[in-house]
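Below is a structure I'd like to ask you about.
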Number of protein chains: 2
Amino acid sequence: MRYCKIPDEAVRRLPIYLRGLLFLSEQSKKSISSQSLADFLGINSWLIRKDFSYFGDFGTPGVGYNIEKLIKHIKKILKLHVGHKVALVGTGNLGRAVLAYPGFRIYGFDVAAAFDSDPKKNGRKINNVVVENISKLGRLKKGKIDLGIIAVPGDAAQEIADALVKAGIKGILNFSPYRIIVPKKIKVITIDIAMDLARLPYYMRSN
Amino acid sequence: MRYCKIPDEAVRRLPIYLRGLLFLSEQSKKSISSQSLADFLGINSWLIRKDFSYFGDFGTPGVGYNIEKLIKHIKKILKLHVGHKVALVGTGNLGRAVLAYPGFRIYGFDVAAAFDSDPKKNGRKINNVVVENISKLGRLKKGKIDLGIIAVPGDAAQEIADALVKAGIKGILNFSPYRIIVPKKIKVITIDIAMDLARLPYYMRSN
DNA sequence: CGGTTTTTGAGAATGTGAGCACTAATTTTA
DNA sequence: TAAAATTAGTGCTCACATTCTCAAAAACCG
């Protein structure tokens, strides 16, 4: 099974593993068995072993997995071994939430620029990031920023996406509920809060 | 294929269809073919037909699907035919973003209560919702609130979840990156922004 | 040093969803 | 009224993901 393509579903789980492993690493743990990690994360142990086996032998039978080694490898697969700079577009409630969110750091993300169309917000400093006018998006190229987050209200999303692509961004996290069309090279992940909430009642038991 | 269990993946797509159909309905369209809807949403037409066929015959060959009828049915399946009241816990940046988010309305959600542990915020009014102290969570039962959104920083999530369950909530949307353990009856959907961002670089082309 | 325990890794079996092609039904057009 | 065009519905196949099982490997213990 070694050296074959990693299934998409497994890639989706890698950040979960990474978060858990980073936590354990902070606790100065050196190694962990798939069973212990499974209990810790609430995932089946054989799923963890299978996922890890997609990218090589890392475990030692009788001992478990070397945490540091595994962290390094997962980071490399997810291309998180180098830090990534992120540009935020839209500094409304959601945008400010993104700027203040501490969770990006453990994955090596740095929200390094923020843009807003409202001239009144230009120059304002939020969480040590100066808000620039949206027309300055072209400047990104100099800053080695390769990811963009769209947090603008609805219908401006496509326009912003076009600008981000033009500025050389390689991936976009889109919080707007609108479909965004970009060149095939660019990966877009859309998070629509309302849509996720909308699936919740379906699973609710009435009793 | 009629009357069988709807696959989870199809359920996940229903809110997408619903959004599109509601939009078309506002444009006073009466019916639409699977092909047109597919083009509009950026999804394959046979996937749409297959998904719709899981819950009965709604289309007319040669014409397409009756939009209003379909909306009604999808809403019923997702249990959105009745409005749902939602309680928000945590009124930090993310919480305020949730309160201000206009996208919930089309699915019939109403964020009717907000709670925060910080006494300084009690009584404050955000988007016409009065922030109450977190100790008042028990009151929810009277308000027919059946969904909860957790938007508190990290480690308090489990505690809040317990309180929500105790207050009779049936489903939880969790924005914290921590695992939450609840009775099996309760459905939890977790959105971890950082984790979604973390899988973005994997798909990036370096050229 | 040999047996026991722990734990990985991989193969097999099962289940699920996506993609495709074809059929049948309805409307439109000639 | 008949033929053509449009479009839904469904059966089939393939790929993928999950689950289970088991043998091999390493460590531990007596």
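Letters go in sequence order (proteins before strands), and every chain restarts at 1.
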Whole-Å distance separating the CD atom of A/Q35 from the C1' atom of C/dT8: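 In whole Å, C/dT8 C1' lies 12 Å from A/Q35 CD.
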Under 4.0 Å, heavy atoms only, any strand: does A/F52 hit a base, just the sugar-phosphate, or nothing?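 Nothing, no heavy atom under 4.0 Å.
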Is there a donor N/O on one and an acceptor N/O on the other, under 3.5 Å, for the side chain of A/K50 and the base of C/dG9?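 A donor-acceptor contact between them is absent.
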What integer distance in Å separates B/K5:NZ from C/dT16:C1'?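 Going from B/K5 (NZ) to C/dT16 (C1'), I get 9 Å.
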Give the rounded distance in Å between these two atoms: CG of B/L47 and P of D/dG9.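 Going from B/L47 (CG) to D/dG9 (P), I get 14 Å.
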Counting just side-chain N and O atoms, does B/Y65 come under 4.0 Å of either OP1 or OP2 of D/dG9?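 Result: yes.
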Without decimals, in angstroms, what is the distance between A/I48 CD1 and C/dA10 C1'?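 About 17 Å, once rounded to whole Å.
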Could you tabulate the donor-acceptor pairs under 3.5 Å formed by side-chain atoms of residues 147-165 of chain B, not counting sequence neighbours?
from, atom 1, to, atom 2, distance (Å)
B/Q158, OE1, B/I181, N, 2.8
B/Q158, NE2, B/D162, OD1, 2.9
B/Q158, NE2, B/I181, O, 3.0

Could you tell me the separation between the NZ atom of A/K69 and the P atom of C/dT8, rounded to a whole number of Å?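 Atom NZ in A/K69 sits about 13 Å away from atom P in C/dT8.
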With a 4.5 Å limit on heavy-atom distance, are the side chains of A/V131 and A/D118 in contact?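 In short, these two side chains do not touch, never coming nearer than 4.5 Å.
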Under the side chain to side chain donor-acceptor pair (under 3.5 Å) rule, what pairs show up with a residue in residues 15-30 of chain B, not counting sequence neighbours?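 Counting only pairs at least two positions apart or across chains, the side chain to side chain donor-acceptor pair (under 3.5 Å) contacts touching residues 15-30 of chain B are A/D192-B/R19, B/Y17-B/D51, B/S25-B/E68.
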Output every pair passing ring-ring contact (aromatic ring centres under 6.0 Å, His included) with a member in residues 20-42 of chain A, not counting sequence neighbours, ordered by first then second residue.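 Applying ring-ring contact (aromatic ring centres under 6.0 Å, His included) to every pair that reaches into residues 20-42 of chain A, excluding sequence neighbours, yields A/F23-A/F40.
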Can you tell me how far P of C/dT7 sits from CG of A/N66, to the nearest Å?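 Going from CG in A/N66 over to P in C/dT7 covers 16 Å.
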Counterpart residues, salt bridge (charged side-chain N to carboxylate O under 4.0 Å, His left out), relative to B/R49 (two or more places apart):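 By the salt bridge (charged side-chain N to carboxylate O under 4.0 Å, His left out) rule, B/R49 matches no residue at all.
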Using whole Å, report how far CZ of B/F55 lies from P of D/dA8.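 Value for this atom pair: 13 Å.
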Close approaches to DNA chain D from residues 8-33 of chain A, in residue order (heavy atom, under 4.0 Å):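 Residues of residues 8-33 of chain A that come under 4.0 Å of DNA chain D are, in numerical order, A/D8, A/E9, A/R13.
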Quick check: do B/I77 and B/H73 have side-chain heavy atoms less than 4.5 Å from each other?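 B/I77 reaches B/H73 side chain to side chain.
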Verify the contact: side-chain N or O of A/N44 to OP1 or OP2 of D/dT19, cut-off strictly under 4.0 Å; return yes or no.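 True: A/N44 side-chain N/O within range (under 4.0 Å) of D/dT19 OP1/OP2.
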In this structure, how many angstroms lie between the P atom of C/dG19 and the CG atom of B/D51, rounded?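 It is 11 Å, rounded to the nearest whole Å.
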For B/Y54 and C/dG17, is the shortest distance between a side-chain N/O and OP1 or OP2 below 4.0 Å?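 No, no such contact exists.
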Can you list, pair by pair, the side-chain donor-acceptor contacts under 3.5 Å of residues 85-105 of chain B, counting residues two or more places apart and other chains?
from, atom 1, to, atom 2, distance (Å)
B/T91, OG1, B/D116, OD2, 2.5
B/R96, NH1, B/T91, O, 3.0

Show every side chain to side chain donor-acceptor pair (under 3.5 Å) that has at least one partner inside residues 171-183 of chain A, sequence neighbours left out.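 Output for this query lists A/N174-A/S176, A/N174-A/T190.
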B/Y65: what forms a ring pair (Phe, Tyr, Trp, His ring centres under 6.0 Å) with it, not counting sequence neighbours?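 Expected list: B/F52.
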If the sugar-phosphate is the primed atoms plus P, OP1 and OP2 and the base is the rest, what is the B/S/- string for nucleotides 21-30 of chain C, using protein heavy atoms under 4.0 Å? ----BBS---
According to a strict under-4.0 Å criterion, is B/S34 in side-chain N/O contact with OP1 or OP2 of D/dA8?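 Yes, because at least one side-chain N or O of B/S34 sits under 4.0 Å from OP1 or OP2 of D/dA8.
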